[in-house]
Amino acid sequence: QVAPATLSALFETAVRSAPDALAVEDSRYAWSYRELNERANRIAHWLIGEGVGPEDLVGVALPRSSEQVAA
């Protein structure tokens, strides 16, 4: 049986257990879990600075890319 977990918890586990493993790749970038986590955190902190809270919904309009995954 698999224990229930959120996507963010599973991602953080991957960051801790294999930070340098390839997490996402597109035609321009190849990011490790550590790099993807850093990029996602920068976006999160920017959103917080703009007044976005934990329960707020934010639309994302990006082409399929590494940036979309980070967002």
Side-chain angles (χ1 to χ4, degrees):
Q1 175 136 5
V2 176
T6 64
L7 178 59
S8 59
L10 293 170
F11 179 75
E12 290 296 332
T13 298
V15 172
R16 282 191 306 275
S17 65
D20 297 319
L22 182 62
V24 64
E25 180 177 19
D26 65 19
S27 61
R28 296 182 343 184
Y29 303 109
W31 294 336
S32 68
Y33 279 99
R34 179 191 338 266
E35 292 167 322
L36 181 58
N37 189 49
E38 289 168 357
R39 290 173 185 277
N41 284 333
R42 278 198 297 272
I43 294 167
H45 288 275
W46 178 80
L47 289 169
I48 291 166
E50 293 295 309
V52 176
E55 301 299 320
D56 293 334
L57 298 177
V58 176
V60 177
L62 293 168
R64 285 183 171 207
S65 64
S66 296
E67 288 97 344
Q68 182 187 41
V69 175

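The chain is numbered in sequence order, starting from 1. This structure is a prediction, so every number in the text was calculated from the model and none was measured. FYI, side chains are in, hydrogens and waters are out, and symmetry mates aren't considered; it's all heavy atoms of this structure.
Remark: E67 CD to Y29 OH distance equals 5.0 Å, nearest 0.5 Å. Here the CD1-CD1 distance, from I43 to I48, works out to 12.0 Å after rounding to the nearest 0.5 Å. Atom CZ of residue R34 and atom CZ of residue R39 lie 13.5 Å apart, to the nearest 0.5 angstrom. Atoms CD and OG, on E25 and S32 in that order, are 12.0 Å from each other to the nearest 0.5 Å.
Summarising the geometry of D26 relative to S66, their closest heavy-atom pair is OD2-N, 2.7 Å, with the distance given to 0.1 Å. Of all non-hydrogen atoms in L36 and A23, the two that sit nearest each other are CD2-CB, 4.0 Å.
Considering only residues two or more places apart in sequence or on other chains, S17 meets the side chain to side chain donor-acceptor pair (under 3.5 Å) condition with none of them.
Side-chain atoms of Y33 and R16, non-hydrogen and from C-beta on, never get closer than 4.5 Å to each other.
Using modelled atom types, no side-chain atom of D56 and backbone atom of V52 make a donor-acceptor pair closer than 3.5 Å. Of the possible polar contacts, none joining the T13 side chain to the F11 backbone as a donor-acceptor pair under 3.5 Å is found.
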